[in-house]
Amino acid sequence: MRASAVALVLLLGCAATGCAETHAATDPRTATDPRSAAQLLDSANRTMKALRSVTITTETIATGGGRVYSGRRTTDLESRCAYKASFRSGSELEQIRMGGTDYIHGNDMYFEMWGRETVPAMRQKPWLKSPVSAARGADDLTVCTWPFTSFGRPTKGAQTELHGRPVIPVEVRDKAGESPFAREPGIYTFYVAAEGTPYLLELGYKGPHNRTTTVFNGFDKPLAVRPPATADTLDLGTVRNSG
């Protein structure tokens, strides 16, 4: 059989049955992902929205120095989550949200800044039980959802590593304050996993006054969020506020 005929037979055989690649494996450090910045971001957002649970850790540092906020939230991204936070004011908060009910535990500074009226009985139990509908802005309570959404004009960066994992950074310069994360303009960097499932691993924000880093992990881990013991809880619905 002539060489050209042999080559044709081999080519047809590979097309029918599949042949193993013979070239060297691609080095992930120099690999080029064919997806555009918008495609990467959309893929990551779809992946994150489909999660049954995730842990979200956030830290905000003022541009002049000093921590403004730190918080950790484990959530089903719907209506059940556990949250701990501390603020520059010295206020500290622990919250459990179960559907339409909040369980709230705060330190003395937290209750000094409490967004509602207080009564002495509120200090007699570790936890307060309150309907979600009663929450006020100064309560600093969290929601269990997260706005995994695309906005602005994303720009794709070169593949790099983040905490030992290969990632592709996607940058969005928000000049008009259109993002769902902050009212002020700023630069957002979304770090999308470059291998395996395209999780969003980290989100960085640089604004005129603050720098915020948000880390996502614990993807689809069992969500052990339970209400506190009834004996440790004061139902605010049974307390008459006296101002």
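Only heavy atoms go into these numbers, but all of them, side chains included; no hydrogens, no water, no symmetry mates.
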*Compute whether any side-chain donor of one residue and acceptor of the other, for Gln95 and Asp102, lie under 3.5 angstrom apart.*
yes
*asked:* Less than 3.5 Å apart, any donor N or O on the side chain of Asn45 or Ser150 sitting next to an acceptor on the other?
replied: yes
*Is there side-chain contact between Thr213 and Thr58, with heavy atoms separated by less than 4.5 Å?*
no
*Worked check of side chain to side chain contact (heavy atoms under 4.5 Å, CB included) between Thr75 and Arg80*: CA-CA 6 Å; Thr75 175; Arg80 189 160 57 108; over 6 Å; no
_Quick check for you: to the nearest 0.5 Å, what is the distance between Cys81 atom SG and Asp76 atom CG?_
7.5 Å
*Just wondering, more than 12 heavy atoms not from Arg165 lying within 6.0 Å of its CZ?*
no
*Are the side chains of Val170 and Thr155 in touch, meaning some heavy atoms are under 4.5 Å apart?*
no
*asked:* Would you say that Leu234 contacts Val239 through its side chain, given a criterion of any heavy-atom pair below 4.5 Å between the two side chains?
replied: yes
_Using only atom types and a distance under 3.5 Å, with no angle test, would you say the side chain of Arg97 pairs donor to acceptor with the backbone of Leu141?_
no
*Would you say Asn107's side chain and Ser91's backbone share a donor-acceptor pair under 3.5 angstrom?*
no
What donor-acceptor contacts under 3.5 angstrom involve side-chain atoms of residues 121-135, with partners at least two apart or in another chain?
residue, atom, partner, partner atom, Å
Arg123, NH1, Asp108, OD1, 3.4
Lys125, NZ, Ala231, O, 2.8
Ser130, OG, Arg116, NH1, 2.7

*Mind checking side chain to side chain donor-acceptor pair (under 3.5 Å) for Glu202 and listing every partner two or more places apart, or none if nothing turns up?*
His163
_Count I, L, V, M, F, W, Y as connected when their side-chain heavy atoms are under 4.5 Å apart, and connections chain through other members. Are Leu51 and Phe148 then in the same cluster?_
yes
*Can you hop from Leu236 to Val119 via hydrophobic side chains spaced under 4.5 Å?*
yes
*Selection residues 215-231 - residue pairs positive for side-chain hydrogen bond (donor to acceptor under 3.5 Å, both in side chains), sequence neighbours left out*: none
*Mind listing the closest non-hydrogen atom pair of Val167 and Leu201 along with its distance?*
CG1-CD1, 3.6 Å
*Between Val54 and Tyr191, is there a shared hydrophobic cluster once you connect ILVMFWY residues whose side-chain heavy atoms come closer than 4.5 Å?*
yes
*asked:* Could you check, using the six-membered ring where one of them is a Trp, whether Phe87 and Tyr110 have ring centers closer than 6.0 angstrom?
replied: no
_side chain to side chain contact (heavy atoms under 4.5 Å, CB included) assessment of Val172 paired with Phe190_ = CA-CA 8 Å; Val172 178; Phe190 299 81; 3.9 Å; yes
_Any donor-acceptor N/O pair, Thr63 side chain to His209 backbone, under 3.5 Å_ = yes
*In the single-linkage hydrophobic clustering (I, L, V, M, F, W, Y; side-chain heavy atoms under 4.5 Å), do Tyr188 and Leu162 co-cluster?*
yes
*Answer yes or no: is there a side-chain heavy-atom contact under 4.5 Å between Leu200 and Thr47?*
no
*In Å, rounded to the nearest 0.5 Å, how long is the span from CG of Asp235 to OH of Tyr103?*
8.5 Å
*asked:* Tell me whether Met48 at atom CE has more than 12 heavy atoms from other residues, nucleotides or ligands lying less than 6.0 Å away.
replied: yes
*What closest approach, in Å, do Leu41 and Pro154 show between heavy atoms, and which atom pair accounts for it?*
CD2-CB, 4.3 Å
*Taking all non-hydrogen atoms of both residues into account, name the closest pair between Lys156 and Ser36 and its distance.*
CD-C, 4.4 Å
*How far does OG of Ser43 sit from CZ of Arg35, to the nearest 0.5 angstrom?*
5.0 Å
*Are Leu93 and Met109 grouped together when hydrophobic residues (ILVMFWY) are joined by side-chain heavy atoms under 4.5 angstrom apart?*
no
*Rounded to the nearest 0.5 Å, what separation is found between the CG atom of Asn210 and the CZ atom of Arg67?*
13.5 Å
*Checking side chain to side chain contact (heavy atoms under 4.5 Å, CB included) for the pair Phe181/Leu203: CA distance, chi angles, key distance, verdict?*
CA-CA 10 Å; Phe181 306 104; Leu203 168 60; 4.1 Å; yes
*Might you point out which heavy atoms bring Pro34 and Gln39 nearest each other, and give the distance in Å?*
O-OE1, 4.5 Å
_Spatial distance of atom OG1 (Thr189) from atom CZ (Arg173) [nearest 0.5 Å]_ = 8.5 Å
*Measure the shortest side-chain to side-chain distance between Thr55 and Arg73 over non-hydrogen atoms and say whether it is less than 4.5 angstrom.*
no
*Would you name the heavy atoms of Ile96 and Pro228 that are closest together and state the gap between them?*
CD1-CD, 4.0 Å
*asked:* With side chain to side chain contact (heavy atoms under 4.5 Å, CB included) as the criterion, how do Thr74 and Arg72 come out once you've worked through the C-alpha distance, each side chain's angles and the decisive distance to 0.1 Å?
replied: CA-CA 7 Å; Thr74 299; Arg72 186 177 188 273; 3.8 Å; yes
*asked:* For Phe216 and Trp146, take the angle between the two ring planes, folded into 0 to 90°, and tell me which bin it lands in: parallel under 30, tilted 30 to 60, perpendicular over 60.
replied: perpendicular
*asked:* Classify the ring geometry of Phe219 against Tyr199: parallel below 30°, tilted from 30° to 60°, perpendicular beyond 60°.
replied: parallel
*If you measure from CG on Asp140 to OG on Ser89, what distance do you get to the nearest 0.5 Å?*
7.5 Å
*If the plane angle is over 60° it's perpendicular, under 30° parallel, otherwise tilted; pick one for Trp114 and Phe111.*
tilted
*asked:* Looking at every non-hydrogen atom in both residues, tell me the closest pair between Pro180 and Phe151 and how far apart they are.
replied: CD-CD2, 3.9 Å
